[in-house]
Amino acid sequence: MISFLRKSTVQDKMRIVSLPLYMIAPNPNQPRKYFEPQAMEELKNSIMEYGLIQPVTVRRRSGEYELVAGERRFRAAQMAGLDEIPAVIIEADNDKSAILALQREDLSFFEIAESYKSLIREQGLTQTELALKVGKSQASVANKIRLLKLPPLVKKLIRDYDLTERHARALLLLNNEEKQLEAVKLICRDNMNVTQAEELVRTMNIPKPKPINDLRITTAKDVKVFKNTVKRAVDLMKKSGIDARIEENSFEWGTEYIIKIKKTDKK
């Protein structure tokens with residue numbers, strides 16, 4: 001009984017009115033940047049047949065109204081040729097309006113990250129202050145914003161392939177766009193989960209050994225690199241089925257390495 005009364009009180013305060021479309025302005029803090037054409041067409045057709053069932057949310061602004069939430073419904077209503085749409089009017093300043101626009105389950109993580117960055121810049125917030133406002137940890141906000149470092153084409157492929165935020169974060173560990181694009185395509189081609197994607201990134205970050213003719217032996221460290229290169233070459237021969245081994249003999253003057261490859265029988 002108590003729960004029902006509380007719900008009714010909230011509904012009374014959120015009275016639905018009908019507003020002309022020309023009196024509603026878009027939200028400048030709208031986090032959604034991409035509207036999938038087919039989904040918009042389907043929503044328009046639904047509105048034309050059944051009307052706009054769920055109202056948009058607006059606030060009063062200088063003699064007109066500004067969208068707080070419902071950009072897709074607003075645009076689809078325009079496409080459907082409606083003159084008026086149902087709306088809930090709320091009281092909200094710029095800060096509250098921007099935060100409310102973020103409280104959408106269907107926003108992509110890139111759209112949320114862009115909104116975080118915009119709020120920090122325009123409202124003069126720190127990451128910690130923003131985290132408190134949106135109910136997230138500072139680390140969560142920081143991780144979202146870091147995703148914006150990915151190049152535009154990489155972000156587009158992530159969206160097109162419907163990869164997760166954790167897939168995107170793994171790609172940040174690659175140091176150039178070429179590797180990131182290659183990784184995205186491999187992740188999609190092989191339908192990799194996050195753990196597999198992270199392992200792929202680790203593998204791609206392992207530096208390739210230099211060709212022997214490019215090695216310059218000048219320091220003890222270089223000598224160690226050369227020794228490891230030789231050992232890897234012998235290991236590679238073994239994996240290829242060649243009977244090869246390396247012998248190491250120590251003397252006062254230094255160390256001797258002997259590579260022995262067994263002659264294969266000719267038939």
Side-chain angles (χ1 to χ4, degrees), residues 11 14-90 92 94-119 121-122 134 136 144-145 147-148 150-169 171 181 184-185 187-188 191:
Q11 287 178 337
M14 296 178 62
R15 188 168 56 89
I16 299 175
V17 299
S18 183
L19 293 178
L21 278 173
Y22 71 85
M23 292 186 66
I24 303 175
N27 185 349
N29 296 311
Q30 166 60 234
R32 182 178 296 285
K33 305 302 179 185
Y34 176 74
F35 297 85
E36 206 279 315
Q38 183 177 347
M40 290 298 296
E41 184 67 20
E42 292 172 354
L43 182 55
K44 180 203 77 172
N45 293 337
S46 175
I47 290 173
M48 291 179 68
E49 183 171 358
Y50 303 107
L52 185 59
I53 299 172
Q54 184 180 1
V56 299
T57 303
V58 300
R59 62 172 179 156
R60 292 183 177 86
R61 292 282 289 172
S62 305
E64 60 177 11
Y65 298 89
E66 181 183 280
L67 275 174
V68 174
E71 182 86 16
R72 288 181 68 252
R73 281 164 281 154
F74 175 73
R75 293 191 182 203
Q78 288 179 317
M79 293 167 59
L82 299 188
D83 294 323
E84 297 182 342
I85 56 174
V88 173
I89 304 172
I90 65 170
N94 290 343
D95 193 1
K96 183 177 179 181
S97 176
I99 298 298
L100 288 173
L102 272 173
Q103 295 178 356
R104 303 288 304 280
E105 293 181 358
D106 55 350
L107 291 175
S108 76
F109 45 86
F110 285 129
E111 289 170 334
I112 294 173
E114 288 284 1
S115 295
Y116 283 175
K117 184 178 178 181
S118 177
L119 280 168
R121 181 179 63 250
E122 295 175 9
V134 298
K136 304 289 183 180
K144 281 280 196 309
I145 294 175
L147 295 174
L148 300 179
L150 291 168
L153 183 54
V154 175
K155 288 190 283 190
K156 181 180 184 303
L157 288 181
I158 290 171
R159 186 188 69 198
D160 291 347
Y161 294 154
D162 198 26
L163 299 183
T164 70
E165 180 177 345
R166 289 183 60 193
H167 281 108
R169 284 213 302 268
L171 294 171
L181 289 172
V184 170
K185 292 172 183 176
I187 290 169
C188 180
N191 194 27

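Small disclaimer: the values here were computed from a predicted structure and weren't measured.
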*Asks:* Do Y161 and I187 come close enough that some side-chain heavy atom pair is under 4.5 Å?
*Replies:*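 A side-chain contact under 4.5 Å is absent here.
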
*Asks:* Taking the side chain as everything from C-beta on, heavy atoms only, tell me whether L148 gets closer than 4.5 Å to K117.
*Replies:*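 The answer is yes, as the side chains (C-beta and beyond) meet within the 4.5 Å cut-off.
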
*Asks:* Which residues pass the side chain to side chain donor-acceptor pair (under 3.5 Å) test with D160, sequence neighbours left out?
*Replies:*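 Checked D160 against side chain to side chain donor-acceptor pair (under 3.5 Å); matches are K156.
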
*Asks:* Distance from F74 atom CZ to I85 atom CD1, nearest 0.5 Å?
*Replies:*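 F74 atom CZ to I85 atom CD1 measures 6.0 Å (nearest 0.5 Å).
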
*Asks:* Looking at every non-hydrogen atom in both residues, tell me the closest pair between L52 and P86 and how far apart they are.
*Replies:*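 Minimum heavy-atom separation between L52 and P86: O-CG, 3.6 Å.
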
*Asks:* With sequence neighbours left out, what residues match R59 under side chain to side chain donor-acceptor pair (under 3.5 Å)?
*Replies:*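 Partners of R59 by the side chain to side chain donor-acceptor pair (under 3.5 Å) criterion, ordered by chain and then number, come out as E66, N94.
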
*Asks:* Which pair of heavy atoms, one from L147 and one from A168, lies closest together, and at what distance?
*Replies:*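 Here L147 and A168 meet closest at CD2-CB, 3.8 Å.
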
*Asks:* Could you check whether any side-chain heavy atom of F109 comes within less than 4.5 Å of a side-chain heavy atom of R169, counting everything from C-beta outward?
*Replies:*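 Side chain of F109 against side chain of R169, heavy atoms only: no contact under 4.5 Å found.
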
*Asks:* Which residue pairs satisfy the salt bridge (Lys or Arg N to Asp or Glu O under 4.0 Å) criterion with at least one member in residues 74-88, sequence neighbours excluded?
*Replies:*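 Residue pairs with at least one partner in residues 74-88: E71-R75.
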
*Asks:* Quick one: salt bridge (charged side-chain N to carboxylate O under 4.0 Å, His left out) partners of R159, sequence neighbours excluded?
*Replies:*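 Per chain and number, R159 pairs via salt bridge (charged side-chain N to carboxylate O under 4.0 Å, His left out) with no residue.
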
*Asks:* If you round to the nearest 0.5 Å, how far is CD of E114 from OG of S108?
*Replies:*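 Here the rounded value is 9.0 Å.
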
*Asks:* Of the non-hydrogen atoms in V88 and P55, which two are nearest, and what is the gap between them?
*Replies:*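 Distance-wise, the nearest heavy atoms are CG2-CG, 4.1 Å.
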
*Asks:* Under the side chain to side chain donor-acceptor pair (under 3.5 Å) rule, collect the residues that match up with Q38, sequence neighbours excluded.
*Replies:*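 Per chain and number, Q38 pairs via side chain to side chain donor-acceptor pair (under 3.5 Å) with E42.
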
*Asks:* Taking only residues two or more places apart in sequence or in another chain, which ones pass side chain to side chain donor-acceptor pair (under 3.5 Å) with R60?
*Replies:*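 R60: side chain to side chain donor-acceptor pair (under 3.5 Å) contacts with E91.
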
*Asks:* With sequence neighbours excluded, tell me which residues meet side chain to side chain contact (heavy atoms under 4.5 Å, CB included) with M79.
*Replies:*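 So M79 forms a side chain to side chain contact (heavy atoms under 4.5 Å, CB included) with M40, E41, K44.
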
*Asks:* What I'd like to find out is whether the side chain of K144 reaches to under 4.5 Å of the side chain of E165, using heavy atoms alone.
*Replies:*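 Yes, their side chains come closer than 4.5 Å.
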
*Asks:* Is the shortest heavy-atom distance from the side chain of L171 to the side chain of I158 under 4.5 Å?
*Replies:*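 Counting from C-beta outward, L171 and I158 do come under 4.5 Å.
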
*Asks:* Can you list everything that forms a side chain to side chain contact (heavy atoms under 4.5 Å, CB included) with T164? Sequence neighbours excluded, please.
*Replies:*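 Listed in chain order: R166, H167, V194.
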
*Asks:* Could you tell me the separation between the CD1 atom of I89 and the CD1 atom of I16, rounded to the nearest 0.5 Å?
*Replies:*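 Nearest 0.5 Å value for the CD1-CD1 distance: 11.0 Å.
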
*Asks:* Please find the pair of heavy atoms, one from I47 and one from A76, that lie closest to each other, and give the distance.
*Replies:*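 Closest pair (atom of I47, atom of A76, distance): CD1-CB, 3.6 Å.
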
*Asks:* Could you give the distance from CG (L153) to CG (L181), rounded to the nearest 0.5 Å?
*Replies:*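 Here the rounded value is 5.0 Å.
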
